[in-house]
Amino acid sequence: TDVFKSIMFLIGGYYGVYLIVLFANTLTRMITSSVLDSLAITNIDGIVYFFMALAVFLLTIFVMWRGIVLTIFWAYLLLFLGAYLFRSLRPVVTQLFKYFLLMVFMMFILILIAVAGISFIEALPPMNELKGFAYAALILMLFFTAMWMTLGSLWSSVSRATSKISRKT
């Protein structure tokens, strides 16, 4: 029965992770499509275009890293699920799954921050000189959030996992 439970865990875990990724993609597409539908077509300042291009350029690095992490995780998913069955490897696999979930929902979180920031900035008075600075601050917020989600959480996950393993041995 232990073999059967292990096989069911592998199958259920694989499809569970697949459903989580589908859910995250659905949330991201829903928020993106609703935001794009609500944007009014107006004459936008050149500064807005400049800062949006800068944001896309800076965030491309982290989105690329996210794609690499998700691809590696999908390639070794059954190995990770199998490793979770061993008690000594559970802390490492748990931290890997936490990092994977953060990478899966990273786009959704960044889009929510961007939507909130753009909504706030567009609510400013039309001739406000702070609009350019507000967009720059929004881009910095998105950049540092993406940097923390990719690099900061990776470093903390690795250090937590190794400290849990070293305490057990």
* Kindly indicate, with the supporting measurements, whether the criterion side chain to side chain contact (heavy atoms under 4.5 Å, CB included) is fulfilled by K98 and L102. => CA-CA 6 Å; K98 287 179 184 177; L102 189 63; over 6 Å; no

* To do: Report the C-alpha distance between Y99 and T150 in whole Å, list the side-chain angles of each, state the deciding distance to 0.1 Å, and finish with yes or no for side chain to side chain contact (heavy atoms under 4.5 Å, CB included).
  => CA-CA 8 Å; Y99 186 66; T150 54; 4.3 Å; yes

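Atoms CE and CZ, on M103 and F73 in that order, are 12.0 Å from each other to the nearest 0.5 Å. Here the CG atom belonging to L142 is positioned 4.5 Å from the CG atom belonging to L138, to the nearest 0.5 angstrom. Note that CE of M141 is 7.0 Å distant from CD1 of I113, once rounded to the nearest 0.5 Å. Taking CD1 of I111 as the start and CZ of R29 as the end, the distance is 10.5 Å to the nearest 0.5 Å. The line from CD of Q95 to CZ of R90 is 14.5 Å long, rounded to the nearest 0.5 Å.
Connection of L101 to L22 is established within a shared hydrophobic cluster, with ILVMFWY side chains joined at heavy-atom distances below 4.5 Å, either directly or through further cluster members. Linking Ile, Leu, Val, Met, Phe, Trp and Tyr residues whenever their side-chain heavy atoms come within less than 4.5 Å leaves W148 and M107 in two separate clusters. Both L110 and L70 belong to a single network of hydrophobic side chains, linked directly or stepwise wherever heavy atoms of I, L, V, M, F, W or Y lie under 4.5 Å apart. A single hydrophobic cluster is not seen to contain both V63 and I61; linkage of ILVMFWY side chains at heavy-atom distances under 4.5 Å, directly or through other members, places them apart. In terms of hydrophobic clustering, with Ile, Leu, Val, Met, Phe, Trp and Tyr side chains grouped at heavy-atom distances under 4.5 Å, M8 and L85 are assigned to different clusters.
In this structure the side chain of F108 never reaches within 4.5 angstrom of the side chain of N25, judged on heavy atoms. Side-chain contact between F105 and L27 is present, with at least one heavy-atom pair separated by less than 4.5 Å. A 4.5 Å side-chain heavy-atom check between F62 and M147 finds at least one atom pair inside the cut-off. Counting only heavy atoms from C-beta outward, the side chains of Y14 and L10 never approach each other to under 4.5 Å. For the pair L81 and F97, the minimum side-chain heavy-atom distance is below 4.5 Å. The shortest distance between side-chain heavy atoms of F86 and V92 does not fall below 4.5 Å. Between Y18 and W74 the shortest side-chain heavy-atom distance falls below 4.5 Å.
Here the two rings, on Y84 and F9, have centers that are under 6.0 Å apart.
Between the R66 side chain and the V104 main chain, a donor and an acceptor come within less than 3.5 Å of each other.
Here the shortest heavy-atom pairing between A146 and L59 reads CB-CD2, 3.8 Å. Heavy-atom minimum distance, I31 versus T28: CG2-O, 3.3 Å. Of all heavy-atom pairs between A83 and V93, the closest is CB-CG2, 3.8 Å.
The only option from I72, L77, V21 that meets the side chain to side chain contact (heavy atoms under 4.5 Å, CB included) definition with F100 turns out to be V21.
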